[in-house]
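Step one of this worksheet: look at the structure below.
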Amino acid sequence: MELQGLDIDVVRKGSGQPLLLLHGGGGPIAQMPFADGLAEKFEIIAPTHPGFNGSKIPKHFTRIDDLVYLYLDLLDELDLTDVVLMGFSMGGWAAAEMAVANSSRLSRLILVDSVGVKVGGREDRDIADVFALPGEKLAEIMFHDKSLAPNPADIPDEQLQIVAGNRTALGVYTWDPYMHNPKLPHRLHRIKIPTNFIWGASDGLVTLEYGEKFCAMIDGATMTVITEAGHSPQMEQPDAFVNAVFEVAA
Amino acid sequence: MQSWWFTEDCYPHLPDESTYRSIRVDLPNQHCDPEIANDLYNRYLDLWCACDEIGLGIMLNEHHQTATCMVPAAPIMLGILARQTQKSRLLILGNPLPNRNQPVRVAEEMALVDVISKGRVECGFVRSVPYEAAAANIMPYRGSDRMWEAHDLILKAWTTHDGPFNFEGEWYHHRQVNIWPRPYQQPHPPVWITMGSNGSARPVAQHKHIGAVFLAGYPRIREVFDGYREGYLEAHGEHAPLDRLAYLGLCYIGENQREAEEGARKLLWYMESNKVPPEWSNPPGYHPPAVSANVMRGVTGSGVPTRPTLEQQMARGNVFAGTPDQVFEQMKSFWEYSGGFGHMLMMGQAGFLSDADALKSMRLYKAEVEPRLKELAANSDPAELWEKSKAAPVKDGVDIGNFGVEFVR
């Protein structure tokens with residue numbers, strides 16, 4: 001669909017309450033089995049952030065708030081109300097910022113292994129520096145079951161170039177300040193809609209401890225922990241993940 | 001033909017390579033002994049000062065968080081040399097503009113050294129190599145665009161003499177730009193920019209700046225220089241003079257072939273020691289996706305130490321080594337194949353090459369090679385040279401994978 005003069009790829013599936021799904025730095029996830037599970041009770045609306053999946057990054061897109069205003073416009077454009085806003089990792093950051101900016105079309109916020117805030121001191125590495133980690137180390141922190149980590153050698157060139165493009169886009173939105181907005185904690189009080197965190201117990205990119213501190217920053221927010229899952233519980237434990245969503249939101 | 005002598009100021013006294021993952025970015029500085037570093041800095045400065053006595057141009061650069069180059073602030077080295085030398089021109093190649101948050105400060109530094117040196121600064125601007133992203137904490141995506149914006153601001157700062165101007169660009173904002181001093185050279189010091197592809201050469205040509213290419217070798221040199229020459233002709237309606245183009249290779253000259261090869265092998269430390277894993281050589285947005293995918297897959301080249309032999313590096317046009325006669329012939333062959341250039345940049349010291357050996361090569365170059373190169377260039381017409389170059393059959397040299405992808409792609 002066209003938004004802000006940009007051609008945005010949006011996957012829509014299922015029927016029911018609208019659920020705006022914002023993917024993380026790994027790229028679009030609406031084709032994964034968990035999304036089919038959610039589609040049984042929700043109408044999923046899953047845009048691809050500009051720069052991901054081979055799409056162009058507009059020159060003026062340089063920060064997370066470019067996505068925030070893009071998707072606030074999407075809600076207006078589709079005239080959606082009573083929306084469940086679900087964000088994963090970097091998409092969670094965008095989702096939290098959206099809820100802060102304007103939650104009039106939202107009824108619930110779900111943050112999954114989300115980045116976006118700093119919880120420790122200036123010398124604490126709250127969020128693993130994914131751009132500085134060797135591939136094998138990255139696999140270790142991202143997955144509970146390391147064997148799920150993709151091996152670049154097995155990925156066809158065309159797909160690997162898309163992965164490279166996704167990394168660039170992730171960098172554009174999150175480089176500095178790294179994966180967070182220092183002002184966000186001072187604004188989270190504006191979120192008045194029910195908020196639920198879902199977290200992979202083995203996440204090493206943003207640990208469960210980080211998630212709990214983030215969760216404590218939003219009044220009344222709850223935390224559901226998915227065991228035997230890393231940074232992407234929706235991928236490693238799709239059934240448990242879908243159940244967790246249905247428990248809080250359906 | 002002008003000749004420039006370069007050393008990267010390395011710190012070669014490292015533990016066994018198997019004990020560390022990377023020579024750049026995260027090699028702990030516990031391995032840097034300040035006493036040894038002091039000795040090295042003074043040796044390197046002495047070698048540059050020898051350029052002044054011998055009659056070679058001085059070239060220096062900067063890198064960060066690395067033992068391959070101990071100069072994290074090239075303008076400071078430039079400032080020292082401005083006072084310690086009298087004649088040599090001082091080429092800084094270059095200021096890594098996208099990684100400098102204040103281009104106006106760069107304009108000030110260069111103007112300062114230009115005035116102290118009585119107008120001997122040759123000011124290079126570079127996008128910088130991928131390993132610098134982490135050290136500078138700068139996202140390298142659109143680094144070239146960022147470099148050009150900084151360039152525009154610096155040029156305007158150098159050439160504005162009637163009080164403050166305003167600049168509010170995409171990356172750089174500065175509301176009261178009015179540098180003191182102004183540069184000694186008018187309207188400003190010569191500007192050099194490194195080029196890595198046909199496309200990146202064109203804007204350099206449009207500005208009539210000097211375009212420098214590092215280690216492109218036979219396989220890549222023509223497409224980059226052609227980009228410059230085409231861009232120049234298109235923009236200015238005349239052929240690019242030879243003095244607008246520069247090429248850097250490693251160079252060692254000995255009195256006999258054995259001595260020369262021994263010296264050249266020591267220079268190869270520069271390439272052989274560059275152990276850099278993909279997390280530092282492939283920051284997001286530096287390389288186009290196709291190159292980045294190659295690095296992810298672990299294809300030879302960026303991120304993987306390259307170990308081509310001296311013979312391979314020479315065949316590729318990355319290294320010139322031999323007796324004065326041999327080096328002249330090697331340079332002449334490359335020069336003609338490339339379509340000609342007016343600046344020979346030589347890395348003449350690296351690794352454990354001794355000062356005495358470095359000096360011997362410099363003197364031999366000055367006495368026996370440079371005069372012949374000057375004569376060659378003086379009697380050549382750029383348009384004819386270009387035609388001959390285009391007609392020359394492709395000479396691929398030696399395929400050494402992604403080598404040099406940081407410099408040329």
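Every chain is numbered from 1 and lettered A, B, ... according to where its sequence line falls, protein lines coming before strand lines. Remember, predicted model here, so these are calculated numbers, not experimental data.
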Atom of A/T168, atom of B/M139 and distance for their closest heavy-atom approach =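 Smallest heavy-atom distance, with atoms named: O-CE, 3.4 Å.
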
So which heavy atom on A/A164 is nearest to which on B/A293, and how close?
->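 Nearest heavy atoms, A/A164 then B/A293: CB-N, 4.4 Å.
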
Considering only heavy atoms, which portion of A/I155 lies under 4.5 Å from any heavy atom of chain B: side chain, backbone, both, or neither?
-> backbone

Part of A/D176 within contact of chain B (heavy atom distance under 4.5 Å) | side chain

To the nearest 0.5 angstrom, please state how far the NZ atom of A/K59 sits from the CG atom of B/D145.
-> 5.0 Å

In Å and rounded to the nearest 0.5 Å, what is the OH to OG1 distance from B/Y141 to A/T62?
->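 Rounded to the nearest 0.5 Å, the OH-OG1 separation comes to 11.0 Å.
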
Closest-packed option against chain A by number of heavy-atom pairs under 4.5 Å, given B/A290, B/P140, B/A134 =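 Greatest number of close heavy-atom pairs with chain A: B/A290.
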
Would you confirm whether A/W175, through its side chain, and B/N137, through its main-chain N or O, come within 3.5 Å as a donor-acceptor pair?
->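 Checking the backbone N and O of B/N137 against the side chain of A/W175, a donor-acceptor pair under 3.5 Å is found.
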
Mark yes or no for whether B/R297, through its side chain, and A/D154, through its backbone, hold a donor-acceptor pair below 3.5 Å.
-> no

Greater than 12 external heavy atoms within 6.0 Å of [X]'s [atom1]:
X: A/L148; atom1: CG; result: yes
X: B/R105; atom1: CZ; result: no
X: A/E209; atom1: CD; result: no
X: B/Y20; atom1: OH; result: yes
X: B/Q102; atom1: CD; result: no

Min side-chain heavy-atom separation [X]-[Y] under 4.5 Å:
X: A/P134; Y: B/R21; answer: yes
X: A/K137; Y: B/E279; answer: no
X: B/E170; Y: A/H60; answer: no

Max heavy-atom pair count under 4.5 Å with chain B, selected residue of A/L170, A/L133, A/D157 | A/D157

Counting heavy-atom pairs under 4.5 Å to chain B, which of A/G135, A/G54, A/A132 comes out on top?
-> A/A132

